[in-house]
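The chains referred to below are lettered A, B, ... by the order of the sequence lines, with proteins before strands, and numbering in each begins at 1.
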Amino acid sequence: MKLVKAIIKPFKLEEVKEALSEIGIEGMTVNEVKGFGRQKGHTEIYRGSEYTVDFLPKVMVDIAVSDNVVSDVVKTITVAAKTGKIGDGKVFVQPLDDVIRIRTGESGDEAL
Amino acid sequence: MLTATVLVLFMTLPGLALFYGGLVRSQNVLSVLMHCFTIACVASVLWIVVLYTMAFSDGNAWLGNFEHLGLKGIVSGDLTGDFPETVFIMFQMTFAIITPGLIVGAFVERMKFSAIILFTILWLVVVYAPVTHWVWGGGWLFEMGVLDLAGGIVVHATAGISALILAAMLGPRSDFPKKLHIPHSPGMVMIGASMLWVGWFGFNAGSQLAANESAGMTMLVTHISAAVASLTWMAIEWIKNGKPGLVGIVTGMVAGLATITPASGNVGPLGALIIGFLAGLVCYFACGIVKNKLRIDDTLDVFAVHGVGGIMGTILVAVLGVEMFGGTGVESIGGQLKTQFIALGAVIGWSAIATVIIVFICKATTGLRVSQEAENTGLDQTEHGETAYNFE
């Protein structure tokens with residue numbers, strides 16, 4: 001099992017969610033986060049003074065998936081979240097030791 | 001006059017409070033609202049007790065006498081012109097409220113609340129009341145024929161210069177100029193500024209002390225100047241930065257209003273167009289000069305917008321007040337310019353020296369600044385134990 005963490009532009013969330021639904025992904029957790037990568041932040045100018053905004057608003061999507069669908073999930077996210085402009089985000093794939101469904105007590109792939 | 005009085009109080013509460021409140025960080029907005037409200041209360045009490053008699057009783061060329069301490073001897077039947085003196089007292093009180101309120105913009109996000117109260121009290125007694133007497137209360141500048149209908153000298157020059165001195169002595173916010181803090185709510189800034197615009201009609205037109213043709217022209221030129229200055233500021237930002245900003249256009253409006261204030265009783269519509277344009281142009285660049293060249297953290301640009309605007313209007317009235325530009329009341333440009341410059345020199349000098357002394361007194365008694373930790377946390381919590389926004 002893997003935990004896929006995708007950091008994307010907020011306005012792309014709906015497209016990513018729909019694309020993942022189409023390949024059978026039924027659950028995800030979403031967080032509003034702030035951050036920056038190579039694009040850094042941006043500057044805003046008020047009354048002639050420049051203000052640097054380091055942290056830009058992003059959305060982080062966490063999805064726990066079976067090993068056999070990881071590549072499909074990553075591909076779907078990268079296609080759906082892509083604008084081609086700087087700041088599109090990143091996808092991280094982490095190993096996931098176990099998953100437990102609280103209601104039934106199931107664990108592993110059964111709980112996904 | 002009742003309406004004008006209400007309008008001028010509306011400028012501070014809630015106008016100026018929201019205008020300034022939106023420009024600071026979210027963890028300091030409550031403190032700014034608190035400053036404006038507290039100053040309104042302090043100035044009101046002080047006005048009744050001692051300031052009114054210092055400013056508007058006969059006295060001598062420099063100061064009124066103290067016959068009306070606590071408004072002693074004034075009864076409800078007394079008249080100023082053809083309206084009750086009590087209304088005049090209230091009207092002028094609102095000027096004494098907004099003037100130290102303007103200075104708030106210089107020290108937001110870092111000054112001790114106790115120091116703010118002490119500074120306000122001393123400043124009103126030492127600077128505001130005497131200067132008001134000089135210009136409006138029958139003092140030496142009044143006798144010289146200085147033109148300052150609604151406070152380019154009394155309000156904007158005094159507050160602007162004192163703000164600059166106080167900001168320099170108080171020192172910049174800890175991360176200035178490396179990191180500047182973005183206005184947390186430009187929408188609030190716009191709402192507050194719009195209230196200032198509305199209130200300014202009471203400020204300027206009300207200063208004619210009558211609902212007549214002079215008040216009508218004053219209102220008209222006030223409005224024109226604000227609109228032209230707004231558009232000028234917006235155009236400069238659009239050209240320089242590529243985008244016209246909301247905070248910019250409303251700041252241009254305040255600059256236009258401050259600049260027309262001393263001239264609003266003597267210029268015509270053409271003069272107002274010129275004053276509005278120059279206000280937007282000069283005050284815009286003054287902001288950059290104070291922060292980037294002088295490196296003074298006059299945080300919300302009190303000097304650049306109010307000080308520079310008020311001083312510029314005080315000078316321009318001598319030129320644009322002549323008949324050739326559609327103005328009234330100025331016979332000789334040269335003669336009037338001399339009077340205006342003497343008034344500005346005296347008031348600027350007095351405000352600066354007095355502010356230095358007052359700041360030293362505050363430093364020695366209450367202390368001036370909050371701790372570094374308090375500054376980083378924000379004054380809402382550390383000084384007032386409240387927050388403006390509670391998200392649950």
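- A distance-only check finds no donor-acceptor pair linking the side chain of A/Arg47 to the backbone of B/Gly288 [under 3.5 Å].
- Interface remark: B/Asn292 contributes side-chain atoms only to the contact with chain A (heavy atom separation under 4.5 Å).
- Counting non-hydrogen atoms of other residues, nucleotides and ligands closer than 6.0 Å to CE of B/Met190 gives a total of 12 or fewer.
- Between chain A and the residues B/Lys243, B/Lys179, B/His181, the largest count of heavy-atom pairs under 4.5 Å involves B/His181.
- Between the OG1 atom in B/Thr251 and the OH atom in A/Tyr46 there is a gap of 11.0 Å [rounded to 0.5 Å].
- Within 6.0 Å of CZ in B/Phe277 there are 12 or fewer heavy atoms belonging to other residues, nucleotides or ligands.
- Summarising the local packing, CZ of A/Arg101 is surrounded by more than 12 heavy atoms from other residues, nucleotides or ligands at distances under 6.0 Å.
- The line from OG1 of A/Thr43 to CG of B/Asn241 is 9.0 Å long, rounded to the nearest 0.5 Å.
- By the 6.0 Å contact criterion, CD on A/Glu110 is open, its count of non-hydrogen atoms from other residues, nucleotides or ligands being 12 or less.
- Atom-to-atom distance recorded for B/Leu180:CG and A/Tyr51:OH is 5.0 Å, nearest 0.5 angstrom.
- Closest approach of A/Gly48 and B/Tyr284 over heavy atoms only: CA-OH, 4.0 Å.
- Heavy-atom distances place no part of B/Ile249 under 4.5 Å from chain A, backbone and side chain included.
- No part of B/Ile236 comes within reach of chain A, as not one of its non-hydrogen atoms sits under 4.5 angstrom from that chain.
- Most heavy-atom pairs under 4.5 Å with chain A: of the set B/Val305, B/Leu246, B/Asp301, this distinction falls to B/Asp301.
- Atom CG of A/Asp98 has more than 12 heavy atoms from other residues, nucleotides or ligands within 6.0 Å.
- For CD of B/Gln372, the number of neighbouring non-hydrogen atoms (other residues, nucleotides, ligands) closer than 6.0 Å is greater than 12.
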